[in-house]
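In the text below, chain A, chain B and the rest are named by the order of the sequence lines, each starting its count at 1.
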6 protein chains.
Amino acid sequence: MRHDGRTANTGRPVTIEKDYLLHPEGSVLISVGNTKVICTATIEERVPPFLRGSGQGWVTAEYSMLPRATGQRTQRESSRGKVGGRTMEIQRLIGRAMRAVTDLEALGERTIWIDCDVIQADGGTRTASITGAFVAMAIAASKLFSAKELKKFPIRDFLAATSVGKNEDGTLLLDLDYVEDSSAAVDMNIVMTGNGEFVEMQGTGEESTFTRAEMNGLIDLAEVGIQHLIDIQKDVLGPISDMIGKEVTENE
Amino acid sequence: MRHDGRTANTGRPVTIEKDYLLHPEGSVLISVGNTKVICTATIEERVPPFLRGSGQGWVTAEYSMLPRATGQRTQRESSRGKVGGRTMEIQRLIGRAMRAVTDLEALGERTIWIDCDVIQADGGTRTASITGAFVAMAIAASKLFSAKELKKFPIRDFLAATSVGKNEDGTLLLDLDYVEDSSAAVDMNIVMTGNGEFVEMQGTGEESTFTRAEMNGLIDLAEVGIQHLIDIQKDVLGPISDMIGKEVTENE
Amino acid sequence: MRHDGRTANTGRPVTIEKDYLLHPEGSVLISVGNTKVICTATIEERVPPFLRGSGQGWVTAEYSMLPRATGQRTQRESSRGKVGGRTMEIQRLIGRAMRAVTDLEALGERTIWIDCDVIQADGGTRTASITGAFVAMAIAASKLFSAKELKKFPIRDFLAATSVGKNEDGTLLLDLDYVEDSSAAVDMNIVMTGNGEFVEMQGTGEESTFTRAEMNGLIDLAEVGIQHLIDIQKDVLGPISDMIGKEVTENE
Amino acid sequence: MRHDGRTANTGRPVTIEKDYLLHPEGSVLISVGNTKVICTATIEERVPPFLRGSGQGWVTAEYSMLPRATGQRTQRESSRGKVGGRTMEIQRLIGRAMRAVTDLEALGERTIWIDCDVIQADGGTRTASITGAFVAMAIAASKLFSAKELKKFPIRDFLAATSVGKNEDGTLLLDLDYVEDSSAAVDMNIVMTGNGEFVEMQGTGEESTFTRAEMNGLIDLAEVGIQHLIDIQKDVLGPISDMIGKEVTENE
Amino acid sequence: MRHDGRTANTGRPVTIEKDYLLHPEGSVLISVGNTKVICTATIEERVPPFLRGSGQGWVTAEYSMLPRATGQRTQRESSRGKVGGRTMEIQRLIGRAMRAVTDLEALGERTIWIDCDVIQADGGTRTASITGAFVAMAIAASKLFSAKELKKFPIRDFLAATSVGKNEDGTLLLDLDYVEDSSAAVDMNIVMTGNGEFVEMQGTGEESTFTRAEMNGLIDLAEVGIQHLIDIQKDVLGPISDMIGKEVTENE
Amino acid sequence: MRHDGRTANTGRPVTIEKDYLLHPEGSVLISVGNTKVICTATIEERVPPFLRGSGQGWVTAEYSMLPRATGQRTQRESSRGKVGGRTMEIQRLIGRAMRAVTDLEALGERTIWIDCDVIQADGGTRTASITGAFVAMAIAASKLFSAKELKKFPIRDFLAATSVGKNEDGTLLLDLDYVEDSSAAVDMNIVMTGNGEFVEMQGTGEESTFTRAEMNGLIDLAEVGIQHLIDIQKDVLGPISDMIGKEVTENE
C-alpha cells in the first residue's frame with residue numbers, strides 16, 4: 001500500500017479538460033493526481049530554416065512551471081535570464097516524442113508549437129505534459145484537416161507517457177508522485193504509442209543502479225499504465241480519434 | 001452600446017476563485033470577462049538586503065503571460081533571455097500598489113512575493129492582476145496572523161484596479177477589453193483603496209492627448225468600477241475582510 | 001519655504017543649450033537646477049519591421065545615466081548585462097510622449113531615435129529628458145524639413161514635462177529635487193502639450209495614497225510649470241517654433 | 001558489413017592515454033575510433049550549498065566541443081552567450097552517471113569536477129566522455145586516497161558507456177559512428193557498471209519507434225560492448241583497478 | 001600640412017575642465033580637439049575579493065561612449081546586453097595605466113573607480129580618457145589626503161597618453177583625429193609618466209606592418225606630445241601637482 | 001640561469017604537429033615548452049556584412065582555454081554566459097595579426113576562421129596561438145590554392161610571435177613561462193613578419209614602468225626568438241613555404 005492508498009500498479013486519477021483556453025488552436029488542462037499542466041498547440045505557417053523548401057513540417061515544444069507550481073517558490077527562468085538544464089531536457093523530450101507520431105510530410109511546411117505550462121506540480125510533470133500535449137496537438141491538427149489545409153491527417157498513432165520507478169525497498173511502482181519520486185532509487189520515463197511501441201525510454205539510477213530483471217518489471221508496469229492513458233485520450237478526443245493512425249485522405 | 005453589448009459604464013463579469021492552487025500560502029484565479037490570471041502570494045522569511053535589520057517587510061511582484069494567453073503566440077521571456085519593458089513596468093506597478101496598503105512594519109522582516117500569471121488575455125491584465133493579487137495577499141496574511149506570527153494584521157485597506165479609456169469617437173468607457181484597448185485614443189489605469197483614495201493613476205494618450213474634463217470623466221467611471229470590485233473581494237474573503245483596515249491587534 | 005529657498009509653486013532655473021554636440025541631427029544639454037541631461041535626436045532612414053511599407057514613421061527613445069550622475073556610483077547597465085526596470089519604464093514613457101505630438105505620417109518611413117543621457121542627477125531626470133528631447137527632436141525635424149525631405153512639418157505641438165508631489169506634511173510642490181523626491185508621499189509626473197492637453201499623467205503614492213482634491217491641486221501646479229517650460233523651449237528654438245503646430249506645407 | 005568494415009556487433013578501436021595533461025588531478029585522452037575526448041577530473045575542497053555540513057561530497061560534469069571537432073564549424077557556446085540544450089543534457093547525464101558509482105560519503109565534503117572536451121567528433125561523444133571520465137576520476141581519487149585524505153576508496157564499481165542503434169534497414173548495431181548515427185531510426189545510450197547493472201538507459205526513436213524485442217536486442221549488444229570497455233579501463237588503470245569496488249579501508 | 005592645418009608633430013588643442021560634475025570625488029571634462037570625455041574618479045571603501053586583507057588598494061576603470069558621440073549612432077552596450085571587445089580592451093588599458101603610477105599600498109584597502117564616458121568622439125578617445133582620468137584621480141586622491149585618510153599621497157608620477165601613427169604616404173603623425181585614424185597604416189598608443197618612462201606601448205599595423213626605424217620615429221613624436229599634456233595637467237591641478245611624485249608624508 | 005635552466009635569450013623547445021585534427025581545412029598542435037594549443041583554420045564561403053560585395057575576404061579569430069589548461073580550474077566562459085575581457089583582447093590580437101599578412105583581395109569573399117584552443121597553459125598562450133595559427137592558416141590557404149579556387153596565393157609573409165619581459169631584478173628575458181610571467185615587471189608581446197617588420201608590439205608595465213633603453217633590449221631579444229620560430233614554421237610547412245611571400249599566380 002502506497003502513502004496515498006494506491007497499490008503498486010495503480011496510476012493516479014487522470015482528467016483531461018479539452019479546449020481549456022480561448023485562443024490556441026488546441027488546448028487542454030490535464031490533471032494527473034495533483035499534477036496539473038496546461039498544454040497548448042499552436043500552428044505556425046512556417047518552418048525553421050533547416051526545413052525551408054523541404055515540403056516538410058516540424059513540431060517543437062516548450063515547457064515551464066509557474067513559480068508556485070511547487071511547494072517552495074521556484075525562481076522564474078525569465079528572471080534568471082536563462083533556461084535551465086532540466087527544462088531544456090524536458091522540452092527536447094516532449095518535442096521528439098510528438099515528432100515520432102507525426103507525419104511531417106503530411107503536415108507540410110508548418111510548425112506545431114507545443115507549450116506545456118505546469119500550474120501545479122506533484123511528480124510526473126514531463127509525462128503528464130506529453131500525454132496532454134498529444135491531445136492538444138490532435139485537436140489542432142483536426143482543425144487544419146477540417147479546414148482542408150491538409151490532404152492527409154498528419155498524426156499516425158496515439159502517444160502517452162508515464163513514469164515508473166523502484167523505491168528504496170526495491171518495490172516497483174507505477175506513476176510516482178512527488179514524495180515517491182524524491183526518494184526513488186530508480187526512475188524511468190516511458191513514452192509509447194497506441195500500438196505498443198516505444199518512442200522514448202529513459203531509465204536512471206539515482207545514485208543507484210538497476211538490473212535487467214528490474215528493468216523488465218518496470219516496463220511491464222508502464223505498458224499497462226500507458227494503455228489506460230490512451231483509452232482516456234480516445235474518450236476525450238471522440239471523433240477525432242478515428243482519424244489517428246488511419247490513412248484518412250478524403251481531403252485529396 | 002459596446003461591441004459586447006455592455007454600456008459605457010458597465011464592467012465585465014468578474015469571478016475570483018479562492019485557494020486555486022495547492023501549494024501557495026494564498027492563491028486565486030481571477031476572471032474579468034475573458035481575462036484570466038492566476039495570482040499567488042508567497043511568504044518568504046527574509047527581506048532584500050536594503051531592509052535587513054530594519055524590522056520592516058517588503059512586497060514584490062512578478063508578472064508573466066503564458067505564450068498562448070494571446071491570440072498570436074508570444075515568445076517566452078525565458079527563451080529570449082530577458083524580461084521585456086512592458087513586463088517590468090507591470091510588475092513594478094503591482095508591487096508598488098500592494099505596498100501602498102501594506103503595513104510593512106507589522107509584516108516584520110518578511111517578503112511577500114506576488115506572482116501574477118496570465119493564462120488568458122483579453123485586455124486589462126494588469127488591473128485584473130492587482131485586483132486578484134490583493135485577495136491572494138490577504139489570504140496569505142491571514143494565515144500568518146492566525147498562526148500568531150504577527151501582532152497586527154498587516155493590510156490597511158482594500159485595493160483594486162480597473163482601466164478606463166476614451167475610444168476613437170470620444171466616448172469614455174469603463175473596463176476596456178482587448179478590442180477596445182487596441183483602438184483606444186486614451187488609456188488610463190487606476191488603482192484605488194477601499195476608502196476611495198488613489199494609489200496609482202496612469203493616463204496615457206496613445207499618439208493622442210486628453211483634456212482635463214476628459215480626465216475627470218474617466219476618473220468618475222473608474223471610481224464606480226473599483227467600488228464594485230472591492231465588494232466582490234469582500235464577498236470572496238469573507239471573515240478575512242473584517243481584519244482589513246481595522247486595528248486588529250488581539251495577537252499582542 | 002523649501003530647503004533650497006523656493007516657494008511651493010516655483011520651479012528650478014532651466015537652461016537649454018542648443019546644438020551641444022557635433023554629430024547628432026539635433027542635440028541639447030538641458031539643465032533643470034542641478035539635473036543635467038544630454039538629449040539627442042537621430043534620424044534613421046528606416047522603420048521597425050511592424051511599420052515597413054506603411055508609409056508611417058516612428059519615434060523611439062533610450063535613457064541612461066552616467067555612473068556618477070548620482071551621489072553614490074551606480075553600476076552600468078552594460079556591465080550588469082541588462083537594462084533595469086526603471087530605465088525601461090522611463091524610455092518607454094519618453095518614446096510615447098514624443099509620438100503623441102509627432103505626425104508619424106508626415107515623417108514618412110523614418111525613425112527618430114531619442115537618446116537621453118543624464119550626466120548629473122538631482123531629481124526630475126525623466127521630465128527634464130522629455131523637455132530637452134522635444135527641443136532636440138524639433139531641431140532634427142527642421143533639418144529634414146529644410147532639406148525638403150518632408151512635405152509637411154511633422155511636429156504638431158510643443159511638449160514639456162514636470163514633476164509635482166506631496167511632501168510628508170501634505171504640502172503640494174512643483175518640480176521636486178532629489179531631496180524632496182526621496183521623502184515625498186506622492187509623486188506625479190505630467191507631460192502636456194502647448195495647447196494644455198495631457199499626454200501622460202502618472203501619479204504614485206509611495207507607500208501612501210492621495211485624494212481627488214490633492215490630485216487636482218497637483219495638476220494645477222503642473223500646468224503652470226509646464227507652460228513656463230514651453231516658453232523657454234520657444235525662446236531656444238527661435239524660428240523653428242513657428243513651424244510647430246501649424247500646417248506648414250510649403251514644401252509641397 | 002558496415003561502411004567502415006565492422007560487423008554489427010563490433011565496436012571501434014579504443015585507446016585511453018593516461019595523464020594526458022600536466023595540471024589536472026586526473027586526465028585522459030580517450031579515442032573511440034575517430035572520436036577523441038580530453039577528460040579531466042579536478043578535486044575541489046568544497047561542495048555546493050545544498051550539501052554544506054552534510055559530510056557528503058558531489059560529482060558534477062561539464063561537456064563541450066571545440067568548434068572544429070565537427071565537419072562544419074560549430075559556433076562556440078561562449079560566443080552565443082548560452083549553453084545549448086544538447087550540451088546541458090549531456091553534462092547532466094555524465095554527472096549522474098559518475099555519481100552512481102561514487103561513494104559520496106567516503107568522498108567527504110569535496111566536489112569532483114569532470115570536464116569532457118571533445119577535440120574530434122565522429123559519433124558517440126557522450127558515451128566516450130563517460131568511459132574516459134571514469135578513468136580520470138579514478139586517477140584523481142587514487143591521489144586523494146594515497147595522500148591519506150580519505151579513509152575509504154570512494155569508487156564502488158567500474159563504469160562505461162556505449163551507444164547502440166537500429167539502422168534504417170532494421171539491423172541492430174554496436175557503437176555507431178557519425179554516419180551511422182545520423183541515419184539511425186533508433187538510438188540508445190547505455191551506461192553500465194562493472195557488475196553488469198544499468199545506471200542509465202536512454203532509447204529514442206528518431207521520428208520512429210521500436211518494439212520490446214528490438215530493445216532487448218540492443219541491450220544485448222551494449223552489454224558485450226561495455227564489458228570490453230571496462231577491460232580496457234582495467235588495463236589502463238593498472239593497480240588503481242584493485243581498489244575499485246572493494247572495501248579498501250586501510251587508511252583508517 | 002594635415003587636413004585640419006596642423007603640422008605632423010602638432011597635437012590638437014587640449015582643455016581640461018576641473019570639477020565638471022557635482023557628485024564625484026574627482027571629475028573633469030577633457031577636450032582634445034573635438035574629442036570630449038567626462039572622466040570621474042570614485043573612492044570606494046573596499047577592494048575586490050583577491051585583495052581583501054592585503055592592506056593594498058586597487059584602481060579599476062570603465063569606458064563607454066554615448067550613442068551619438070559618433071557620426072553614426074552606435075547601439076548602446078546595455079541594449080545589446082554585453083560589453084564589446086573594443087570597450088573591454090580600452091577599459092583594461094585605462095585601469096592598468098592608472099595602477100602603474102598609483103602606490104596601491106599607500107591607498108590602503110580602497111578602490112578607485114575611474115569612469116570615462118565619451119560624449120563626443122573624433123579619434124584618440126582612449127588616450128584622452130587616460131590623460132583626463134589621471135587628473136580626476138589626482139583630485140580624488142587629494143581629497144582623501146586632505147581628509148587625513150592617507151598617510152602618504154598615493155600617486156607616484158604624472159601620467160598622460162597620446163596616439164601617433166603612420167599615414168598611407170608613410171608620414172609619421174602626432175595625435176590622430178578620426179579621419180586620420182581611419183586611414184592610418186600604423187596606429188600606436190603610448191602612455192608615459194612624468195619622468196619619461198613607458199607604461200604602455202601598443203603599436204598595430206592595420207593590415208600593414210612597420211619597421212624598427214618607423215617605430216623609433218613614432219616614439220619620438222609621442223614623447224614630445226605627452227610632455228605637453230603633462231604640462232597642461234600641472235596647470236589644471238595647481239597645488240595638487242606638488243604632491244605627485246614626492247614623498248608627501250606629513251599626514252603621518 | 002633561469003628557473004628551468006635556460007639562459008635569458010633562449011626560448012623554450014617548440015614543436016608544431018601538422019594536420020592534428022581530421023575535419024578542419026588546416027590544423028596544428030603547437031607546443032612551446034608546456035604550453036600546448038590546438039590551432040585550426042576554417043574556410044567559410046562568405047564574409048561579414050560590411051564586406052559583402054567588396055570582393056575582399058576576412059580573417060577572424062577565437063581563443064579559448066580548456067578549464068584545466070591551468071593549475072587551478074578556470075570556469076568556462078560558456079557557463080558564465082559571457083566572454084571575458086582578456087579573451088576578447090587576445091582574439092582581437094590574433095585576428096589583426098593574421099590579417100596583416102593576408103592578401104584579403106586575393107582571398108576573395110571568404111572568411112578564414114582561426115580557432116585557438118589552449119589545452120595546456122604555461123605562459124605565452126597568445127603568442128603560441130599566433131605562431132601556430134599561422135601554420136594552420138597557410139595549410140588551409142594551400143588547399144584552396146591547390147583546388148584552383150584562388151588565382152593568387154593569399155599569404156604575403158610568415159608571421160610569428162613571442163613574449164619578452166623584464167623580471168624583478170631588471171633582467172631582460174626571452175619567452176617567459178608562467179612562473180616568470182607572473183612576477184615580471186614588464187611584459188611585451190611582439191608579432192613580426194618573415195622580413196623582420198612589426199605587426200604588433202604591446203608592452204605593458206605591470207604596476208611598473210620601463211625606459212626606452214629597456215624597450216630596445218626587449219625588442220632585440222624578440223627579433224632573435226621570432227626568427228627561430230619562423231625557421232620552424234618553414235620546416236613544418238615544407239613546400240607550402242615556397243608560396244608564401246612570392247607572387248605565386250600560376251593559377252591565373
Enquirer: Tell me if the CD atom of F:Gln75 is crowded by more than 12 foreign heavy atoms within 6.0 Å.
Expert: yes

Enquirer: Flag yes if more than 12 heavy atoms outside D:His228 fall under 6.0 Å of its NE2 atom; otherwise flag no.
Expert: no

Enquirer: With rounding to the nearest 0.5 Å, note down the distance linking CD in D:Gln233 to CG in D:Leu159.
Expert: 7.0 Å

Enquirer: Between F:Ile38 and chain D, with a heavy-atom cut-off of 4.5 Å, which part of the residue counts as in contact: side chain, backbone, both or neither?
Expert: side chain

Enquirer: Counting only non-hydrogen atoms closer than 4.5 Å, does F:Glu25 touch chain D with its backbone (N, CA, C, O), its side chain (CB onward), both, or neither?
Expert: both

Enquirer: If I measure from the heavy atoms of chain D, does F:Pro24 come under 4.5 Å with its side chain, its backbone, both, or neither?
Expert: both

Enquirer: Between F:Ser79 and chain D, with a heavy-atom cut-off of 4.5 Å, which part of the residue counts as in contact: side chain, backbone, both or neither?
Expert: both

Enquirer: How many angstroms lie between atom CG of F:Leu176 and atom OG1 of F:Thr127, to the nearest 0.5 angstrom?
Expert: 9.5 Å

Enquirer: Heavy-atom pairs under 4.5 Å with chain D: which of F:Thr40, F:Thr42, F:Asn34 has the most?
Expert: F:Thr42

Enquirer: Find the one option among F:Val83, F:Asp117, F:Thr87, F:Asp122 whose heavy-atom pairs under 4.5 Å with chain D are most numerous.
Expert: F:Asp117

Enquirer: Given the options F:Lys36, F:Arg68, F:Glu77, which has more heavy-atom pairs under 4.5 Å with chain D than any of the others?
Expert: F:Arg68

Enquirer: For the residue pair F:Arg86 / F:Tyr63, report whether a side-chain donor-acceptor contact shorter than 3.5 Å exists.
Expert: yes

Enquirer: Need one label for F:Asp115: side chain, backbone, both or neither, based on atoms under 4.5 Å from any heavy atom in chain D.
Expert: both

Enquirer: Check this for me, if you would: do F:Arg76 and D:Glu62 make a salt bridge, where the nitrogen-to-carboxylate-oxygen distance has to be below 4.0 angstrom?
Expert: yes

